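Encoded as structure tokens, the structure appears first; notes follow it.
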Amino acid sequence: MLDAFSRAVIGADASTACLSADKIAELRQFVADGNKRLDAVNAVASNASCIVSDAVSGMICENQSLIQGGGNCYPNRRMAACLRDGEIILRYVTYALLAGDASVLDDRCLNGLKETYVALGVPAAAAVRAVGIMKAASVAHINQTNVMYQGTAKYRKMETAQGDCSALASECASYFDRVAAALS
Ligand SMILES: CCC1=C(C)/C(=C/C2=NC(=C\c3[nH]c(/C=C4\NC(=O)[C@H](C)[C@H]4CC)c(C)c3CCC(=O)O)/C(CCC(=O)O)=C2C)NC1=O
């Protein structure tokens with residue numbers, strides 16, 4: 001499991017070099033954006049159960065055979081496993097976003113997941129759809145464009161550093177894309 005710093009060291013060591021000025025500038029930016037990164041992680045982690053349950057119910061709404069006999073979210077044991085998997089995936093995405101590196105997601109969550117799903121008959125297309133909805137919701141939470149309920153009791157305002165979080169939102173989106181690619 002690596003983070004932005006250990007990844008830079010491994011890269012430099014592989015070419016028997018000191019850290020380049022470019023790499024150090026990249027890490028300087030990583031440090032400078034540290035509070036924004038923590039806010040982005042918090043925006044997703046603090047809304048995890050909402051993001052997961054919304055994604056799984058959206059996936060089922062669009063494909064109701066999942067909760068009928070023979071569907072992979074039927075009976076409740078499988079529904080629970082599906083919700084749990086959504087939480088596992090979202091959790092590892094937040095770890096990757098915190099570290100600024102995908103290796104924790106790859107090694108501890110995605111490694112062998114496709115094979116497990118094939119063996120159990122978990123439909124990849126449906127899983128990828130749920131991951132896609134989690135991606136959209138997470139990006140909205142990071143960019144604070146989740147304003148549908150703003151002004152009502154349902155809206156939850158997160159405390160965040162001011163500034164442009166679009167780079168962190170696209171980094172987070174790329175981890176969801178990685179999950180989708182690993183399952184496809
Ligand atoms: C730490 C990393 C980690 C991951 C990622 C993980 C995933 C994982 N998901 C599983 C099952 C499962 N996963 C699902 C998920 C779904 N079914 C659907 O229709 C949807 C598309 C989807 C939810 C979005 C289901 C239904 C099962 C149970 C399948 C069965 O037993 O028939 C299993 C088999 C064992 C079990 O049932 O607990 C594993 C190992 N376990 C881990 O330890």
Side-chain angles (χ1 to χ4, degrees), residues 1-7 10 37-146 148-149 154 156 158 168-184:
M1 176 193 152
L2 302 174
D3 55 42
F5 295 92
S6 45
R7 174 73 68 189
I10 288 198
R37 183 172 292 272
L38 292 175
D39 282 341
V41 171
N42 188 31
V44 179
S46 299
N47 293 294
S49 59
C50 166
I51 293 170
V52 171
S53 53
D54 180 64
V56 171
S57 52
M59 173 196 76
I60 288 171
C61 257
E62 292 173 0
N63 183 358
Q64 303 197 2
S65 64
L66 285 165
I67 50 167
Q68 286 152 17
N72 204 262
C73 289
Y74 180 89
N76 283 331
R77 180 186 67 77
R78 288 203 186 86
M79 181 74 222
C82 180
L83 284 162
R84 179 210 57 197
D85 281 13
E87 282 187 11
I88 292 174
I89 289 168
L90 191 69
R91 187 159 62 78
Y92 279 100
V93 166
T94 64
Y95 297 160
L97 187 61
L98 180 70
D101 191 275
S103 62
V104 64
L105 174 67
D106 289 345
D107 301 347
R108 299 196 188 182
C109 179
L110 300 181
N111 184 11
L113 188 58
K114 181 181 180 165
E115 292 74 13
T116 304
Y117 277 5
V118 169
L120 291 169
V122 175
V128 166
R129 178 60 184 140
V131 168
I133 300 174
M134 292 203 290
K135 167 179 155 180
S138 300
V139 165
H141 278 285
I142 292 172
N143 284 331
Q144 296 193 305
T145 52
N146 57 324
M148 190 162 75
Y149 288 109
K154 282 189 187 172
R156 177 173 178 206
M158 303 290 291
L168 282 158
S170 29
E171 183 183 327
C172 185
S174 78
Y175 298 133
F176 286 106
D177 291 342
R178 208 175 177 89
V179 176
L183 292 178
S184 301

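Whatever order the structure lists ligands and atoms in, that order sets their numbers, starting from 1. Fair warning: this is a prediction, and the values are worked out from it, not measured in the lab.
Atom 4 (C) of ligand 1 has as its closest protein heavy atom I88 CD1, 3.9 Å. In terms of protein heavy-atom proximity, atom 1 (C) of ligand 1 is closest to R108 O, 3.5 Å. Scanning the protein for heavy atoms near atom 27 (C) of ligand 1, the closest one is A81 CB, 3.4 Å. Of the protein's non-hydrogen atoms, the one nearest atom 21 (C) of ligand 1 is A127 N, 3.4 Å. Looking only at protein heavy atoms, the nearest one to atom 17 (N) of ligand 1 is N72 OD1, 3.0 Å. Of the protein's non-hydrogen atoms, the one nearest atom 34 (C) of ligand 1 is L120 CD1, 3.3 Å. D85 OD2, 2.7 Å is the protein heavy atom nearest to atom 13 (N) of ligand 1. Given atom 5 (C) of ligand 1, the protein heavy atom at minimum distance is L113 CD1, 3.5 Å.
Not a single protein heavy atom sits closer than 4.0 Å to atom 43 (O) of ligand 1.
In the model, R91 has a side-chain atom that pairs as donor or acceptor with a side-chain atom of Y95 under 3.5 Å. For the residue pair D85 and Y117, a side-chain donor N or O sits within less than 3.5 Å of a side-chain acceptor on the partner.
Evaluation of the side-chain contact (heavy atoms from CB on, under 4.5 Å) rule for L2 yields S6, R7, I10, D101, S103 as partners, not counting sequence neighbours.
Scanning all heavy atoms of the two residues, the minimum distance from A55 to M134 falls at CB-CG, 3.4 Å. Residue S53 comes nearest to L83 through the heavy atom pair CA-CD2, 4.3 Å, listed as atom of the first residue, atom of the second, then distance. Minimum interatomic distance between Y175 and A102 (heavy atoms only, all atoms of both residues): CE2-CB, 3.8 Å. Minimum interatomic distance between V128 and S184 (heavy atoms only, all atoms of both residues): CG2-OG, 3.8 Å.
Remark: ligand 1 and Y117 share no N or O pair separated by less than 3.5 Å (distance only, no angle test). When only interatomic distances are considered, the shortest N/O to N/O separation between R77 and ligand 1 falls below 3.5 Å.
Close contacts of ligand 1 with L66, meaning ligand atoms under 4.0 Å from a residue heavy atom, involve 19 (O).
Nearest-heavy-atom check against atom 15 (C) of ligand 1 across A124, G112, P123, C82 picks out C82. Nearest to atom 37 (O) of ligand 1 by heavy atom, out of M79, R91, M134, R84, is R84. Checking M59, R78, R129 against atom 32 (O) of ligand 1, the nearest heavy atom belongs to R78.
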